[in-house]
Undergrad: 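The structure's right below; bear with me while I get my questions together.
For this chain, numbers begin at 1 and follow the sequence in order. Each ligand, and each atom within it, is numbered from 1 in the order the structure gives.
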Amino acid sequence: MKIIDAHIHFKSSPGFDALAPAAGHENSEAHLRQVFGELNIERAVVMGNNGVEEAHSYPDFLSYCVGFDSSHFSKEAIERSLAHVEAHLRRPDCAGIKLYPGYNRHYITEPFYHPLYDLAGQYGKPVAVHTGATANAGSHLKYCHPLIIDEVAADFPKTTFVLCHYGNPWVVDAAAVLDKNPNVCADLSGILDGGMHDIDAYMRNNSGYVEHLRTWLRYPNAYDRLMYGTDWPLVNMAQYIDFISRLIPEAHWADVFYHNAKRIYSL
Ligand SMILES: [Zn+2]
């Protein structure tokens, strides 16, 4: 099965370097290339953390979303960034924009974000938003609740929004937002993290949670808008393919693992 990974991080910080070995990986281009070859992963989308002024040069098998993380974020920085963002969106290897509202502690409904949504819509490239649980205690969860996406999706119908991580653990809310808004998609990255797992044992020991996930992934009947993604290097690639393939009916694997990301991110 051909695969596109719609959500990875690439050489973004020493923190990621330290976490990679716990998932059986190494945070390097050579290792990523090797694993992609072994698992038939054709391409991946890097979620940028490093602001809009960085050069953003990646190996040829990666595309990227230009991202604003907390160290590059302020209202003024967003307002000043528009020309840079547009220059990125013109590049064929730029697949969209990435926002981190929980870490940045701002609602993505704030008016200073609106020009970004117009730009993304104009270039036909999505705005991917971190939704759901965060990696550190200093972030504020209320800003990255998936229900927040409903407002911008409704107000910017020409712009595609991606709920990263399916809003996990607020998957019921993510399902409602996906069901209502045809311009909302989701990636399934980072739902299982924390290093190596025995997937059989995980499914057995967390059967209630797993069934809950299956139920609310099924609810919007939007398998044409769900994308496989990992959050590499935080999860083991082979195990994560196994995990997601047990949540998605086989009839939808080709779409979820490959075709949807190709279409949504214009890869
Ligand atoms: Zn991520």
Side-chain angles (χ1 to χ4, degrees), residues 3-20 22-29 32 35-36 41 43-52 54 56 58 62-73 94-105 108 125-141 143-146 148-149 160-171 174 184-195 197 226-237 239-241 243-244 256 260-261 264-265 267:
I3 294 175
I4 291 172
D5 187 332
H7 187 136
I8 71 162
H9 297 276
F10 182 71
K11 290 188 178 176
S12 51
S13 75
F16 280 111
D17 292 349
L19 289 166
H25 289 305
E26 180 195 311
N27 196 15
S28 73
E29 178 184 339
L32 191 63
V35 173
F36 276 29
I41 302 170
R43 198 162 190 83
V45 180
V46 176
M47 293 293 155
N49 301 65
N50 292 328
V52 295
E54 195 200 30
H56 284 283
Y58 298 100
L62 301 178
S63 298
Y64 72 98
C65 286
V66 61
F68 298 87
D69 79 356
S70 48
S71 53
H72 297 83
F73 173 86
C94 177
I97 297 170
K98 173 71 189 287
L99 302 177
Y100 297 85
Y103 299 99
N104 294 340
R105 304 181 183 185
I108 62 157
K125 296 186 174 179
V127 177
V129 185
H130 175 100
T131 59
T134 53
N136 66 50
S139 53
H140 289 179
L141 290 175
Y143 298 116
C144 51
H145 192 287
I148 311 293
I149 313 299
T160 298
F161 292 87
V162 176
L163 302 175
C164 297
H165 320 298
Y166 206 69
N168 185 54
W170 295 297
V171 296
V184 172
C185 307
D187 79 42
L188 306 177
S189 66
I191 291 174
L192 185 66
D193 63 2
H197 292 273
L226 299 182
M227 294 177 279
Y228 173 75
T230 55
D231 226 1
W232 190 89
L234 304 182
V235 302
N236 180 271
M237 291 258 179
Q239 288 180 354
Y240 210 73
I241 292 167
F243 175 62
I244 296 297
V256 172
N260 295 343
I264 292 161
Y265 283 118
L267 302 176

Undergrad: One pair to check against side chain to side chain contact (heavy atoms under 4.5 Å, CB included): Met227 and Tyr265. What are the steps and the verdict?
TA: CA-CA 10 Å; Met227 294 177 279; Tyr265 283 118; 3.7 Å; yes

Undergrad: Considering non-hydrogen atoms only, spot the tightest contact between Pro146 and Gly167 and give its length.
TA: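 Reported closest heavy-atom pair: CG-CA, 3.9 Å.
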
Undergrad: Is there a side-chain contact between Asn136 and Tyr103 (heavy atoms, below 4.5 Å)?
TA: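 They are in contact (side-chain heavy atoms under 4.5 Å apart), so the answer is yes.
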
Undergrad: Got a sec: is His9 within less than 2.8 Å of the Zn ion (ligand 1) via an N/O/S atom?
TA: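 An N, O or S atom of His9 is closer than 2.8 Å to the Zn ion (ligand 1), so yes.
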
Undergrad: N/O/S of His7 less than 2.8 Å from the Zn ion (ligand 1)?
TA: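 Checking His7: at least one N, O or S atom is under 2.8 Å.
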
Undergrad: As an exercise, state the distance from CD1 of Ile8 to OH of Tyr58, rounded to the nearest 0.5 Å.
TA: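 Result: 9.0 Å between the selected atoms.
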
Undergrad: Out of the N/O/S atoms in Asp231, what is the name of the one closest to the Zn ion (ligand 1)?
TA: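 So the atom name we want here is OD1.
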
